[in-house]
Asker: 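Before I ask anything, let me first share the structure, which is written out below as structure tokens.
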Amino acid sequence: MSFKKLLTAGVLGATLAAPVFADTTKVGFVYIGPVGDHGWTYTHDLARIALEEEFGDAIETSYVENVAYGADAERVMTQMALSGTDLIFATSFGYGPDMNTVAARFPNVAFEHATGYIQETDNVSLYNARFYEGRAVIGHIAGKMTQTNKVGYIASFPIPEVIMGINSAYLHAKAVNPDVEFNVVWAYSWYDPAQEAAAAEALIEQGADIIMQHTDSTAPLTVAQDAGIFAFGQASDMSAFAPQSHLTGILDVWAPYYIERVQAVIDGTWEAGDVWHGIVDGMVGFAPFSDTIPEDVRAEAEDMIAAIAAGEYHPFTGPINKQDGTPWLADGEVASDGDLLTMDFYVEGITSDIPN
Amino acid sequence: MILGSINPAVLVAALMVAATPILLAAIGELIVEKAGVLNLGVEGMMIIGAVTGFIIAVNSGSPLMGFIGAALGGMALSLLFALLTQALMTNQVASGLALTLFGLGLSALIGQKYVGITPPRTPKLDLGLLSDIPFLGRAVFSHDIVVYLTIALVGAVWWFLKYSRAGMILRAVGENHDAAHGLGYHVKRVRVLAIMFGGACAGLGGAYLSLIRVPQWTEGMTVGAGWIALALVVFASWRPWRAMAGAYLFGGVVVLQLNLQAAGVRIPVEYLSMSPYLITILVLVIISSGKARGSLNAPGSLNRPFHASS
């Protein structure tokens, strides 16, 4: 438990004793990492701050960071519910069982679970972002801009979310550059700056001149900057870490959804839902495009963003074969959400294997 | 050949860099444990070193000042441990764990304003002709000065423990503190000094991450390097050169598996990337079990509190 977490826990404890004002809506956040990671947790905390700006004194927010899955998460959420929190956001995949346990005990508290899939009671809501839409756009830019035709990809864990991202980026790089190759390195971590830096170095040594990451630290960008090659950021605008190398990055934009849900709680209209929002809903955004992206590539990328937002184009549109050559999507066929959320295979053309 | 398109010189160069932070922390902890103290707060001291070194380097514009600051920062935190365990006689394991938690939290607090800043860079040492030697030039003679100073430090610690009088006193204190006390040595003073040295080394290891390896400050950036350093000490049977071999082995496994992946070699990377951590867990279990101590060459008074009246 970190120092700040202790402080927050203390504050939570103190609020237990304070009289509860009925007109203030309390919103609690449970974070898996530190708010200073500049990645995943940081973007959720940006949205929390946006909530405070939007609603002012009408709401009160609190958060606990570095909360481990299991007993720790259950304790934190129970404490929040006991202290009169009306709406609790838990922002990591593994909180599912803990959240449902607590939700069953507190039927009057609304629960929101990011990237989860367990919904046992009618006060648990699920939300997720279609990051593969963003990956398609940066894949296109990478395919256009690579000189060596080698793109380095730092992946975290072999789960559908990450595999989906690799496939989406590869398909769109390949579409504009048939010679492109993807070298994937699995870091087996969401956040390990030294390991991610070493992975980026290994990829550059193998000839990659563009680095993509599905991990949360800014270390790969610094390595790319030193090597004089390009890279994409992750989750938040990381351009300050590598001004010359940073092309753009996929942004996690949670504020619109959080504002909508908090408003629903205030209005008394909150109901459990299950949403998977994309570019059109504003949950997937982009860091400002770098000036180093050529004008035509920028225009194509912006067209693709517009087409995806308008629903005219789906990044997984057939014909697409699986890696072993068996057909997956027929010509014009669009992948179903269920297929995407359980994706455990590479598409045709990627040469490495997914680790078990 | 399994190495495929990997350049071995690059591999060696990368593993030396990857090993340096854990080696620095491990060599410091080795001295602490040789003095009979088990300080599990290495991770906390490393991260404090990472943040203080970063802040001082950014504000002074000098990486050297940063490293000095990191050593002092790690030392300051270790003094807290010394106060708890040597003066107040608290349990070493619990105090060490608390030190890690405290260090992680405190570093996040004082480092908040420094996220997203680039520190002044440490130049690679210009070794002239040596760097032009084929293979060796790229592999061994292309690093920053800290890599070489760390190796020199390992040699110095080896000499200190084996040949110097002060080193023998330190070992005596670690092997049997009652006997050392009976001979008139100041057990607590020796231990406090050892703890301070350990803190300074851990701080330097942390600063190597934040100033050279990554180089940035982000919360929790050591990600377990301190625990690996602790395991290395046991793995090395409390011998300095073996600690260095262990650190290079560990650094080598990490770097090799990443390079094999990048080169597209089909190997079960999940096991390879797991192995250092499995060894760490195994070794930490052995160290805390107590029974295997003798066979492992552990200092006799390791983790035993000393009170002059006893």
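No hydrogens, no waters, no symmetry mates; every other heavy atom, side chains included, goes into these values.
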Asker: What residue in Gln225(A), Glu201(A), Glu181(A), Gln206(A) has the most heavy-atom pairs under 4.5 Å with chain B?
Answerer: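 Looking at each of Gln225(A), Glu201(A), Glu181(A), Gln206(A) in turn, Gln206(A) comes out on top.
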Asker: Below 4.5 Å, heavy-atom pairs only: which of Glu196(A), Glu205(A), Lys150(A) has the largest tally toward chain B?
Answerer: Glu205(A)
Asker: Who wins among Arg213(B), Arg121(B), Met221(B) for the most heavy-atom pairs under 4.5 Å with chain A?
Answerer: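 Ranked by heavy-atom pairs under 4.5 Å with chain A, first place is Arg213(B).
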Asker: Give, as side chain, backbone, both or neither, the part of Tyr153(A) having an atom under 4.5 angstrom from any heavy atom of chain B.
Answerer: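 Contact with chain B involves no heavy atom of Tyr153(A) at all.
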Asker: Considering only heavy atoms, which portion of Val255(B) lies under 4.5 Å from any heavy atom of chain A: side chain, backbone, both, or neither?
Answerer: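 Looking at Val255(B), nothing touches chain A.
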Asker: Nearest 0.5 Å, what's the CG-CG distance between Leu101(B) and Leu97(B)?
Answerer: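 Here the rounded value is 7.0 Å.
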Asker: Taking Ala287(A)'s backbone N and O only, do any of them form a donor-acceptor pair with Asp237(A)'s side chain (distance below 3.5 Å, no angle check)?
Answerer: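 Side chain of Asp237(A) to backbone of Ala287(A), a donor-acceptor pair under 3.5 Å: no, none is there.
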Asker: Just say parallel, tilted or perpendicular for the rings of Tyr170(A) and Phe182(A), cut-offs at 30° and 60°.
Answerer: perpendicular
Asker: With no hydrogens and no angle check, just 3.5 Å: does a side-chain donor-acceptor pair link Thr218(A) and Gln216(B)?
Answerer: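 Side-chain D/A pair, Thr218(A) to Gln216(B): present.
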Asker: Under 4.5 Å heavy-atom distance to chain A, tell me which part of Pro215(B) shows up: side chain, backbone, both or neither.
Answerer: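 Both parts, backbone and side chain.
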Asker: Less than 6.0 Å separating the ring centroids of His38(A) and Phe241(A)?
Answerer: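 Ring centres of Phe241(A) and His38(A) closer than 6.0 Å.
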Asker: Going by atom types alone, do Thr43(A) and Ser236(A) pair a side-chain donor with an acceptor below 3.5 Å?
Answerer: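 No, no side-chain donor-acceptor contact under 3.5 Å.
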Asker: Can you tell me how the ring of Phe54(B) sits relative to the ring of Tyr114(B), calling it parallel under 30°, perpendicular over 60° and tilted otherwise?
Answerer: perpendicular
Asker: Could you tell me which portion of Gln195(A) (side chain, backbone, both or neither) has an atom closer than 4.5 angstrom to a non-hydrogen atom of chain B?
Answerer: both
Asker: Tell me, out of Ser352(A), Ala197(A), Ala219(A), who's got the most heavy-atom pairs with chain B below 4.5 Å.
Answerer: Ala219(A)
Asker: Heavy-atom pairs under 4.5 Å with chain B are the metric here; pick the option from Ala198(A), Gly33(A), Ala208(A) that has the most.
Answerer: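 With the most close heavy-atom pairs to chain B, the winner is Ala198(A).
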